Visitor: 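Please read through the structure below; I'll follow up with questions.
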Amino acid sequence: MGYIEIHSHLLPFVDDGVGSKEQCIQVLQAYQAAGFDRIVLTPHLYNPYVATRTKNIRPMFTWVQEAAARVGLTMYLGGEIYVGASDNLEVLPFLGRFVLLEVNYVVEPLFLLNQAYTLLKRGFDVILAHVERYQWFTTESMVARKLQEMGVRFQSNVDGVESGLASRWLEAGMIDIIAGDNHGDPSLPGRLAALLRKYPEVLGRMESLFQGNV
Ligand SMILES: [Fe+2]
């Protein structure tokens, strides 16, 4: 089985990801060449800084599934859910049960623990995106410990691992997933594959989480 990318913005005309169908296909080919066989699309939802055209999500997903099948990739639709103050978030779980969350980079979000708890109670598996980016969040913080105790999985971005920003998280064994968070960069698939080879313990966690989930 090939690698899986679980965080990407590769639907054209939807969010701040790829700008055209051609760019999307170029990036898909790069994933295929780097040894991937599955990609999860996670358009931004509820993010106050990104204007997502939600009505384009389904038609573009139908289009990308066909384009991806031609290069031997299977695509899954999810979403990157921004946790702000709103209750009853409508989520787009991928592989039947995974929900990817993001929060404010600068200010500690008031409702993260609550929302994560609610989603876990609803039966979802919760993933917190790019943990190394949040300025208020550290490996030793109480909120990190609580989230881990609840069973929330932590994801790091390729750029965060490469820059060293995610080092403490990796050294503490707290990273379950490395992902590209790809907004249209054809160099990311190869870089992600290299990191998955470099961190076999993370790859192992990803395989046990996402294998057999179709
Ligand atoms: Fe993202």
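The structure presented is a predicted model; accordingly, all values stated were derived computationally and were not measured. Whatever order the structure lists ligands and atoms in, that order sets their numbers, starting from 1.
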Visitor: Before you tell me yes or no, could you show the steps for D185 and R191 under salt bridge (charged side-chain N to carboxylate O under 4.0 Å, His left out), namely the whole-Å CA-CA distance, both residues' side-chain angles and the distance that decides it to 0.1 Å?
Guide: CA-CA 11 Å; D185 181 350; R191 290 156 56 200; 3.4 Å; yes
Visitor: Around the Fe ion (ligand 1), how many protein N/O/S atoms fall inside 2.8 Å?
Guide: 4
Visitor: So, using ring-ring contact (aromatic ring centres under 6.0 Å, His included) as the criterion, who are the partners of Y46 when residues are at least two apart?
Guide: none
Visitor: Just by modelled atom types, is the Y49 backbone N or O under 3.5 Å from a matching donor or acceptor in the N47 side chain?
Guide: yes
Visitor: For Y199, enumerate each residue passing the ring-ring contact (aromatic ring centres under 6.0 Å, His included) test, keeping only those at least two apart in sequence or located in another chain.
Guide: none
Visitor: Return the set of residues passing ring-ring contact (aromatic ring centres under 6.0 Å, His included) with Y117 (not counting sequence neighbours), or none when no residue passes.
Guide: none
Visitor: Judged by atom type as modelled, is there a donor-acceptor pair below 3.5 Å linking the side chain of R205 to the main-chain atoms of I175?
Guide: yes
